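Worksheet: the structure to be examined is printed underneath.
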Amino acid sequence: MTSQEIQSLTNQYIMNTYGRFPVTIDHGEGATLYTPEGTRYIDFTSGIGVSDLGYGCAPWADAIAVQAKKVGHTSNLFYTEPPARLAEILCRRTGMSCVFFANGGGEANEGLIKLARKYSFDKYGQGRAAVITLNNSFHGRTITTLKATGQEVFHNYFFPFTEGFRYANANDLDSLEAAAGDDVCAVLVELVQGEGGVLPLDPAYVRALAKLCAERDWLLLADEVQTGVGRTGSLFAFQQYGVVPDAVSFAKGIAGGMPMSGILAGEKCRDVLGPGTHATTFGANPVCAAAGLVVQETLTEEFLAAVREKGAYLRERIEALDLPCFGKTRGMGLMIGIEVRGGCSNKEIANKLIEHGLLVLTAGPGMRLLPPLVITKEEMDQGLAIMKAALA
């Protein structure tokens, strides 16, 4: 099918819930994507941080094919090898105690909230279920995670929302104290606010928050749906902040493009969610887990160091371009935000770059770059050249 035929069929039969760019993707290699007609794009999005191994990765595709031929799905009433091995690797690499596997980021964050409320119920009884999140945060699209999101624009249409959430300003312990109370069970944070604009939390604030949570027996919950699995230059962002959360959500890059997410829980929370308290049909799917094992095999310490170097290179070069519409960059690893200035619109900039062959994202009022972690220097330089040609 041609690009136009695919777009027409999509518009006719798929619910119109996405503001799509007029680009049809057919195949890719590394960090480069192609339309059915062969038009070429450098990809600085990786499917919103999902395709961390890029496109055409033979070991990843081979692992999926081998497992699919063995068994594509059973259920969590039985045992399979790939999720067990993946869970062991994640626990050993993070110091956490156990894993619950799910399917998407919103579902993982729902699980975090359920975990926190049951932990508190088991220990203190009813009446201690409030969760504090941060203004400008984003935690998902379910009814509950929309309410957990600290952006008022998301609190519309779908009333009534789940109760039990309060909001505090990032990097402000006084604001957190003002939102606190005897009914609080947890604090949920993104260590780098992604959809809000790629805004890293201050390390001193995160350490103070961890101390406060420990003193009051609030669970410290880290939403690493976007920051996890090597995106920030470590397996998880919390490993660069010098804290160990009580539980961590992950998704996006965990299986390199296959639908998978989950929760990592520390020893304190290991037995909170027992049989019958939480479940999912497709979680721990063995094909997705087989893909996840290839991701973990790829994310060596040397590879993660290269992610940090690539991120530093991109940020330095973008600022050196001195484009009239771009200000300072920010972020960690290959999770990069760019300030938009000069009266420019980030959506207009995104469209302009895409017209010239560079796929990018927006976040808050700025730009967001999430290239595949395997992106080469040549591909980065090609993307930078497109920026200069399109925006200078």
Side-chain angles (χ1 to χ4, degrees), residues 14-20 48-50 76 100-122 126-170 176 179-181 183-191 193-197 218-228 245-252 254 259-265 269 272-274 276-285 363-364:
I14 294 181
M15 202 174 288
N16 184 27
T17 62
Y18 302 100
R20 299 180 191 267
I48 316 184
V50 170
N76 287 305
F100 176 88
F101 286 115
N103 307 283
E107 184 184 352
N109 285 332
E110 286 261 357
L112 280 187
I113 294 162
K114 287 180 67 176
L115 176 77
R117 288 181 170 172
K118 187 169 185 298
Y119 170 84
S120 189
F121 179 88
D122 290 347
Q126 293 188 40
R128 194 177 186 272
V131 177
I132 299 174
T133 69
L134 300 183
N135 288 318
N136 210 45
S137 62
F138 180 83
H139 297 293
R141 296 271 183 182
T142 67
I143 292 291
T144 296
T145 55
L146 280 173
K147 189 61 176 176
T149 292
Q151 298 185 56
E152 191 60 32
V153 67
F154 289 102
H155 304 160
N156 202 0
Y157 308 124
F158 309 112
F159 304 101
F161 287 96
T162 306
E163 297 179 352
F165 295 95
R166 294 200 287 274
Y167 314 102
N169 295 329
L176 188 79
D183 61 340
V184 171
C185 68
V187 180
L188 171 62
V189 299
E190 301 164 279
L191 294 169
Q193 293 186 326
E195 299 288 337
W218 300 339
L219 293 191
L220 177 58
L221 309 176
D223 174 351
E224 295 233 26
V225 166
Q226 192 166 148
T227 55
D246 295 297
V248 180
S249 62
F250 59 85
K252 291 197 181 289
I254 187 65
M260 194 176 209
S261 70
I263 303 167
L264 277 161
C269 299
V272 171
L273 295 175
T277 61
H278 197 51
T280 174
T281 297
F282 294 103
N285 174 271

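The structure displayed is predicted, hence computed values, not measured ones.
Applying the salt bridge (Lys or Arg N to Asp or Glu O under 4.0 Å) test to residues at least two apart or on different chains, the pairs with a partner in residues 103-119 are Lys118-Asp122. Judged as a salt bridge (Lys or Arg N to Asp or Glu O under 4.0 Å), the pairs with a partner in residues 158-170 (not counting sequence neighbours) are, in order, Arg166-Asp183.
With sequence neighbours excluded, the residues satisfying side chain to side chain contact (heavy atoms under 4.5 Å, CB included) with Phe159 are Asn156, Phe161. By the side chain to side chain contact (heavy atoms under 4.5 Å, CB included) test, Ala116 is found to be paired with Cys185, Ala186, Leu219, Leu221, residues two or more places apart in sequence or in another chain being considered. Residues satisfying the side chain to side chain contact (heavy atoms under 4.5 Å, CB included) test with Asn285, not counting sequence neighbours, are His73, Val287, Cys288. Judged as a side chain to side chain contact (heavy atoms under 4.5 Å, CB included), and not counting sequence neighbours, the contacts of Ala148 are Ile113, Thr133, His139, Phe165.
No donor-acceptor pair closer than 3.5 Å links the side chain of Gln226 to the backbone N or O of Ile48. With hydrogens and angles ignored, the 3.5 Å screen pairs a side-chain donor or acceptor of Ser261 with a backbone N or O of Gly104. Looking only at distances, a side-chain donor or acceptor of Gln151 sits under 3.5 Å from a matching main-chain atom of Ser137. When atom types are taken as modelled, the side chain of Asn76 and the backbone of Gly283 share a donor-acceptor pair closer than 3.5 angstrom.
Two residues are said to be in side-chain contact when any heavy atoms from C-beta on lie closer than 4.5 Å; Trp218 and Arg128 meet this criterion. Under the 4.5 Å side-chain criterion, counting only non-hydrogen atoms from C-beta, Glu190 is not in contact with Glu195. Taking the side chain as every heavy atom from C-beta outward, Met260 and Phe250 never approach each other to under 4.5 Å. With a 4.5 Å cut-off on side-chain heavy atoms, Phe100 and Leu273 do not count as touching.
Remark: Phe101 CZ to Leu264 CG distance equals 8.0 Å, nearest 0.5 Å.
The two atoms that bring Ala179 and Val184 nearest to each other are O-CG2, 4.4 Å, heavy atoms only.
The one candidate from Asp223, Thr145, Thr144 that meets the side-chain hydrogen bond (donor to acceptor under 3.5 Å, both in side chains) condition with Asn109 is Asp223.
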